[in-house]
Number of protein chains: 2
Amino acid sequence: MVPMTPKKNQYAVRAVFELAKRRGEGPTKISQIARAQVIPERFLEVILNKLKRSGLIESKRGFTGGYSLSRPPAQITVGDIMRFLDGPTAAMNCAACTETSSCPSHRRGCAFSAMWNRVNQAVLSVYNDTTIQDLLDNEIHLKAQRRRRPPRAPARTEGQRL
Amino acid sequence: MVPMTPKKNQYAVRAVFELAKRRGEGPTKISQIARAQVIPERFLEVILNKLKRSGLIESKRGFTGGYSLSRPPAQITVGDIMRFLDGPTAAMNCAACTETSSCPSHRRGCAFSAMWNRVNQAVLSVYNDTTIQDLLDNEIHLKAQRRRRPPRAPARTEGQRL
DNA sequence: AATTTCTCGACTTTAAAAGTCGACAAGCAA
DNA sequence: TTGCTTGTCGACTTTTAAAGTCGAGAAATT
């Protein structure tokens, strides 16, 4: 129904999230992130390397090396990550109407373009409204919830918190 | 950035849209729809055949055969089409947290699940709020606009109308 | 009967995502 | 300065799902 977010993007968000969790502990190694977030290490390598060029994260080599966040989690949105990964190319294009040939009435926006734009905008809004700090806060809440209740009870309040 | 809606789904919407345009003219043949909407004919065959089982469209064989809409365009939403095509399976699953193994904190919703849910919900809302009639109305508006202006002028009011 | 159309399942192709690798460069520590 | 450890980089391979094709058959129509 809703097209799945690419794994690469998910990994990227999770990795940044993990860095946020460990902020202040000095650089975190790829291997640590990979283990904590269950991401294929060699693949994560590629992702982080690319992500570095966004300026969102920094790296250091050698024995005490690793990655670290370059700004506070509250100042990084999921949208920042997504936007960088997919480049400005894929930013605003309508699904059917960008390629001249595949859309019968492509001259000046077809009957569908408004809808595709609204979909894009809707997704973007969520991403841009969600900071890494928000995700961090979610985790804390969930942990507290888990501690308070008997283990393994089915989740009750799902999907409300940002 | 925003994952592209599958072509199959786009084709389906466009096909239903085309049927809506021709409502009242008797059954429309696959070949006609394919030509009008620039969809590979043999592929459209598969799509329409499947879509038929949703009850949204009807078919008739033989010389005067073809497809037709089974309800008024105002009573069909894009969501109806999407929901049927992807089945109830893909309906509500979070990107990373449905498979036990791929998400480190999968027990009762991870820090991310709320966000993925919000994305899903956002997209769904647009789809469910958009009827085929709405799309029809868009087309009429665009046509009128085109007639009123000198040809090939750049689009001005883009992405506002439903 | 002949033609036209949809029907159905199986099949092939294509493209992108996902994942891997080897060699190298930088930093630390003994 | 030698030898670890870590990130860097480009090229490569694998896997997967989407996209598209096909042939034979079944219902209508003339």
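Note that the structure is predicted; figures quoted are calculated from it, not measured. All heavy atoms count here, side chains included; hydrogens, waters and symmetry mates do not. Each chain gets a letter, A, B and so on, in the order the sequences are listed, and its residues count up from 1.
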Between A:V16 and A:V46, is there a shared hydrophobic cluster once you connect ILVMFWY residues whose side-chain heavy atoms come closer than 4.5 Å? no
Calculate the interatomic distance between [X] atom [atom1] and [N] atom [atom2]; express it in whole Å.
X: B:K29; N: C:dT3; atom1: NZ; atom2: P; result: 17 Å
X: B:I30; N: D:dT21; atom1: CD1; atom2: P; result: 14 Å
X: A:K7; N: D:dT15; atom1: NZ; atom2: P; result: 15 Å
X: B:Q32; N: C:dT4; atom1: CD; atom2: P; result: 14 Å

Specify the residues of residues 41-58 of chain A, ordered by number, for which at least one heavy atom lies under 4.0 angstrom from an atom of DNA chain C. A:R42, A:F43, A:V46
Smallest heavy-atom separation, A:W116 atom then B:T5 atom, equals CZ3-OG1, 3.7 Å
Are side-chain heavy atoms of B:L51 and B:L85 found at a separation under 4.5 Å? yes
Given A:D86 and A:R83, is the salt bridge (Lys or Arg N to Asp or Glu O under 4.0 Å) satisfied, shown in steps? CA-CA 6 Å; A:D86 303 341; A:R83 213 172 306 123; over 6 Å; no
Is the phosphate of D:dG20 approached by B:Y11 (side-chain N or O, under 4.0 Å from OP1 or OP2)? yes
Any side-chain N or O of B:S59 below 4.0 angstrom from OP1/OP2 of C:dT5? no
Just by distance, with hydrogens left out, do B:D137 and B:Q133 show a side-chain donor and acceptor under 3.5 Å apart? yes
Around atom NZ of A:K8, are there more than 12 heavy atoms of other residues, nucleotides or ligands at under 6.0 Å? no
Run A:V13 and A:M82 through side chain to side chain contact (heavy atoms under 4.5 Å, CB included) and show every step you take. CA-CA 8 Å; A:V13 174; A:M82 300 294 199; 4.1 Å; yes
Given C:dA18, C:dG19, C:dC6, the nucleotide with the shortest approach to the side chain of A:K8: C:dA18
Output a table of nitrogen or oxygen pairs between the protein and nucleotides 28-30 of chain C separated by less than 3.5 Å.
| from | atom 1 | to | atom 2 | distance (Å) |
| --- | --- | --- | --- | --- |
| C:dC28 | OP1 | A:K60 | NZ | 3.0 |

Lys/Arg-Asp/Glu bridge criterion (N-O < 4.0 Å) met for A:R22, A:E18: yes
